[in-house]
Amino acid sequence: MSDISIARTHADVREERTVTAGTRAWELFAEQPDVIAARIGGELRDLSHELADGDEVEAVEITSPDGLDILRHSTAHVLAQAVQALFPEAKLGIGPPITDGFYYDFDVETPFTPADLDKIETRMRKIIKENQRFSRRVTTDADALTELQHEPYKLELIALKGGGAAEDAAEGASVEVGAGELTIYDNTGRSGDVVWKDLCRGPHLPTTKRIPAFKLMRSAAAYWRGDEKNKQLQRIYGTAWATKEDLEAHLHRLEEAERRDHRKLGRELDLFSFPDELGSGLPVFHPKGGVIKREMEDYVRRRHIEEGFSYVGTPHISKDGLFHTSGHLPYYADTMFPPMEFEGSNYQLKAMNCPMHNLIYASRGRSYRELPLRLFEFGSVYRYEKSGVIHGLTRVRGFAQDDSHSYCTPEQAPAEVEHLLDFMLSVLRDFGLDDFYLELSTRDDSKPGKFVGTEEQWATATKVLEDVARGSGLELVPDPGGAAFYGPKISVQAKDAIGRTWQMGTVQYDFNQPQGFGLEYAAADGSRQQPVMIHSAKFGSIERFLGVLVEHYAGVFPPWLAPVQVQAIPVAERHVDYLYDVAKRLRAAGIRVEVDDSDDRMQKKIRNAQLQKVPFMVIVGDQDVEAGAVSFRYRNGDQDNGVPIEDAVARVVDAVAARTQV
RNA sequence: GCCGCCUUAGCUCAGUCGGUAGAGCGAAUCACUCGUAAUGAUUAGGUCGUCAGUUCGAUUCUGACAGGCGGCUCCA
């Protein structure tokens, strides 16, 4: 046998080695049980891959991102094997790794119950214990079609692959059929017999026993290939980790996330509710939630005025002709509430504010000297969202946008877009949000019917937005096909507690509505020109932003946003009057303070204030009264005793003014 | 909208194999007047989501609807 030269890299250490031909990757990492696959020449391979002369072999550890994907994908195979063992009629969909876990889709007669999941999980543990080997086998399309004739969905994937459209087949389908040769992974038992197999690109763990920790999470329906016209399959979600501790930590994180869910905190902190009587997706704000909402509104109204916007107002309802002029109705009729007919007209609840702002623009002749003309308002809009998508404050049917429209000359547009994006980012900073990225939504050229305007107009608009977005230095994610019918969009995407991303602020470039409304201005040479309009919302929706804020802070708001900024607590009842005086001075300084004069004990009052996450407590007993001072307690339990009243007021006022977290 | 699950006191939940229900917290009242995360006692509070059906009898079984939860699809 001849020798070959290879290079082995593990933990960033590269060493060259000479091995005999026929050596497999696992032999290089026999001493490293954490290594579960190899990257050879840039490609992920099974450890059973036979090395060739000159190969660069890099260890893939189970804890690495690639390693975790492989672990999760292999666990998905074990899931599928268990399901087919227990439900022989189940047909396989796809089973890719996802963030923190994996899923596998099955076509079964009846959906899985939680009890089924328990049974499946037990079976999976058995399969893991059996230490089945994952073994790769190259096949041909023709052979695979015969071998998998009982798996109609797999056949469909193979056929699609033939068309060179594996990625288009379905999100995640590429793990089944890669771009290269078609492969099947056999699970073999101790005696080498094939106990189960699946069409798969791989790679996989060497054996099932290398799955250290997993758990099935839930089952849910999902449309085959993500298309609601297709049949719904039953999807089982699971999670898998490199160690039991990692799994525990993950489950703990999920619990923590649940704790900061704005729907839960909204009730606990008495911020808002969703009365059944109003209907789904229609929130009401309670006094404490109203404080946060008002602070947000006051802030953003003031900022808009500072940034050159005029505060305007428009009604909630309009004759439908307006939305035909704007072009919205043909595109969005099914997401607008149905029309109300009276006095011979159809009235629509508005789903967007721009048409009404256009009417303000058009109310008189405009000169280029007025541009950019900037209008802003809190526009209440109503959208008939499908019942299944309503979610707390983040997806509702009635909400207010902090909506602005800037009318400008095409030459002014780039600077205006840049100004708006900077403005929007500064708003996010002031509210302490930092975990977000930008998305650039563009037109989908394959669906021209969804968009109006010429290709040149779209190209110009898209370039303006893209240049500005890139200039921000933030991560920019493309969103092809996500644009509005009238133009492309930059949006801020923020994550909620459970990891779902929500669109927050937007900047949109629109050359269509000015045309539809016949908007114009007198240029310097006396000619009439058409302005460009830039739509922008800094929060996006007040409701959604508030919901995300609650989760971001887990209800622990910085003092400027806290519904109650100071809780005043007497040690005994005789200290209440003194506290009323202190409260009066705080109120005079614009501070939201409450005196707890209930007959609870002081300890209980502190506990309540703590549970309500009030930033500051002012506690007063005999010693404080004597000293003309207060005991100043922070949310974290720190306390300064004997703080003179003026100092206490100043501390709170300063914290509020600085918008800092405490 | 689709699939599955859920809906009992203000909140969190128990319970009734079909004979109209309980706890803790919260609330109210009383006592206690207390120095850093729950003082004690008493009382009130529920046509068991709504409407039908089956039944001598339904909170319990069935169906429809409403609302919620988890996904999918969608998201100007």
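Because the structure is a prediction, the values reported are computed rather than measured. Throughout, a chain's letter reflects where its sequence line sits, starting with A, and its residues are numbered from 1. Note that these values count all heavy atoms, side chains included, but never hydrogens, waters or copies made by symmetry.
The listed nucleotides are B:C3, B:G35, B:C30; the one nearest the side chain of A:Pro111 is B:C3. In this structure, the nucleotide among B:C75, B:C3, B:G35 sitting nearest to the side chain of A:Asp622 is B:G35. Side-chain atoms of A:Ile606 lie closest to B:A37 of the nucleotides B:U73, B:G35, B:A37. Which of B:C75, B:U36, B:C32 sits closest to the side chain of A:Ile619 comes down to B:U36. In this structure, of B:G1, B:G35, B:U33, it is B:G35 that holds the atom nearest to the side chain of A:Val571. The side chain of A:Val389 has B:U73 as its nearest neighbour among B:U73, B:A37, B:C11. Of all nucleotides listed (B:C11, B:G1, B:C69), B:G1 comes nearest to the side chain of A:Ser387.
Between the side chain of A:Arg574 and the base of B:U33, no donor-acceptor pair under 3.5 Å is found. For A:Arg218 against B:C69, a side-chain-to-base donor-acceptor contact under 3.5 Å is absent. A donor and an acceptor atom sit less than 3.5 Å apart, one in the side chain of A:Gln232 and one in the base of B:C2. At a cut-off of 3.5 angstrom, the base of B:U33 holds at least one donor-acceptor pair with the side chain of A:Glu573. Applying the 3.5 Å distance criterion, the base of B:G35 shares a donor-acceptor pair with the side chain of A:Asp624.
Residue-level contact check: A:Gln603 touches the backbone only, with heavy atoms under 4.0 Å from sugar-phosphate atoms and none from bases. Within the 4.0 angstrom heavy-atom criterion, only backbone atoms of the sugar-phosphate kind lie near A:Lys489; the bases stay farther away. If you check every strand for non-hydrogen atoms under 4.0 Å, A:Phe485 touches nothing. In this structure, A:Ala222 reaches the sugar-phosphate backbone alone: every heavy-atom distance under 4.0 Å involves primed, P, OP1 or OP2 atoms, never a base. Within 4.0 Å of A:Asn641, counting heavy atoms only, lies at least one base atom of the nucleic acid. Across all strands shown, A:Arg267 has heavy atoms under 4.0 Å from sugar-phosphate atoms exclusively, and none from any base. Within 4.0 Å (heavy atoms only), A:Thr506 reaches no atom of the nucleic acid at all. Using a 4.0 Å heavy-atom cutoff across all strands shown, A:Tyr237 reaches sugar-phosphate atoms only and no base atom. Residue contacts shown for A:Arg263 are limited to sugar-phosphate atoms, with no base heavy atom under 4.0 Å away. Using a 4.0 Å heavy-atom distance criterion, A:Arg601 is classed as a base contact. At the heavy-atom level, A:Glu268 lies nowhere under 4.0 Å from the strands shown. At a threshold of 4.0 angstrom between heavy atoms, the contacts of A:Asp600 with the nucleic acid are absent.
Figure legend. B:A52 is base-paired to B:U62; pairs are counted as Watson-Crick or G-U wobble with both atom distances under 3.5 Å. A 3.5 Å limit on both hydrogen-bonding distances identifies B:G1 as the Watson-Crick or G-U partner of B:C72. Both distances falling under 3.5 Å, in either a Watson-Crick or a G-U wobble arrangement, place B:U43 opposite B:A27. Pairing for B:U20 is absent, with no Watson-Crick or G-U wobble pair whose two atom distances lie under 3.5 Å. In this structure, B:G67 and B:C6 make a Watson-Crick or G-U wobble pair, each of the two defining distances being under 3.5 angstrom. Using N1 to N3 plus N6-O4 or O6-N4 for Watson-Crick, or N1-O2 and O6-N3 for G-U wobble, each under 3.5 Å, B:G35 pairs with nothing.
Using C1' as the reference atom, B:U39 and B:C34 are 9 Å apart when rounded to the nearest Å. With both ends at atom C1', the span from B:G19 to B:G24 equals 28 Å, rounded to whole Å. When the C1' atom is compared between B:U20 and B:C56, the two are found 15 Å apart, to the nearest whole Å. On the C1' atoms, B:A9 is 13 Å away from B:A14, given to the nearest whole Å. Taking atom C1' on both B:G26 and B:A38, the two are 12 Å apart, rounded to the nearest angstrom. Comparing B:G63 with B:C5, their P atoms are spaced 11 Å from each other, to the whole Å.
Across the protein-nucleic acid pair, A:Gln612 atom CD and B:A38 atom P stand 16 Å apart, rounded to whole Å. Computed from coordinates, the A:Leu233 CG to B:C2 C1' distance equals 13 Å when rounded to whole Å. Atom P of nucleotide B:C75 and atom CD of A:Gln401 are separated by 16 Å, given to the nearest angstrom. A:Ile569 has its CD1 atom 16 Å from the C1' atom of B:U33, to the nearest Å. Residue A:Lys386 contributes atom NZ, which lies 10 Å from atom P of B:C2 at whole-angstrom precision. Computed from coordinates, the A:Glu626 CD to B:G35 P distance equals 15 Å when rounded to whole Å. Between the P atom of B:C2 and the CG atom of A:Asp105 lies a distance of 20 Å, rounded to the nearest Å. To the nearest angstrom, C1' of B:C2 lies 3 Å from OH of A:Tyr223.
The side chain to side chain contact (heavy atoms under 4.5 Å, CB included) test with A:Leu79 singles out one residue from A:Phe106, A:Tyr237, A:Phe214, and that residue is A:Phe106.
Of the two residues near RNA chain B, A:Val620 and A:Gln508, the one whose nearest nucleotide lies more 5' is A:Val620.
Under a 3.5 Å cut-off, the side chain of A:Glu543 and the backbone N or O of A:Ala400 do form a donor-acceptor pair. A:Lys605 contributes a side-chain N or O that, together with a main-chain N or O of A:Asp596, makes up a donor-acceptor pair within less than 3.5 Å.
Contact check on A:Asp227 versus A:Arg225 returns no salt bridge, with no Lys/Arg side-chain nitrogen under 4.0 Å from an Asp/Glu carboxylate oxygen. Residues A:Arg651 and A:Asp640 are paired through a salt bridge, judged by an N-O separation under 4.0 Å between the basic side chain and the carboxylate. No salt bridge links A:Lys450 with A:Asp444; every basic N to acidic carboxylate O contact stays at or beyond 4.0 Å. The residues A:Glu256 and A:Arg253 are annotated as not salt-bridged, no charged nitrogen and carboxylate oxygen being separated by less than 4.0 angstrom.
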Check against ring pair (Phe, Tyr, Trp, His ring centres under 6.0 Å), A:Tyr104 and A:Phe102:
CA-CA 7 Å; A:Tyr104 214 115; A:Phe102 59 90; 9.0 Å; no
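Between A:Phe485 and A:His328, the angle of the ring planes goes over 60°, which puts this pair in the perpendicular group of the 30/60° scheme.
At B:G70, one or more side-chain N or O atoms of A:Arg500 fall inside 4.0 Å of OP1 or OP2 (strictly under the cut-off). Checking the phosphate oxygens (OP1, OP2) of B:C72, no side-chain nitrogen or oxygen of A:Arg225 falls inside 4.0 Å. For B:G26, one of the phosphate oxygens OP1 or OP2 lies less than 4.0 angstrom from a side-chain nitrogen or oxygen of A:Lys604. The phosphate of B:G68 has OP1 or OP2 within less than 4.0 Å of a side-chain N or O from A:Ser280. Between A:Ser219 and B:G4 there is no side-chain N or O to OP1 or OP2 distance below 4.0 Å.
In this structure, A:Lys538 satisfies the cation-pi test against A:Phe309, with its NZ or CZ atom closer than 6.0 Å to the six-membered ring centre and inside 45 degrees of the ring normal.
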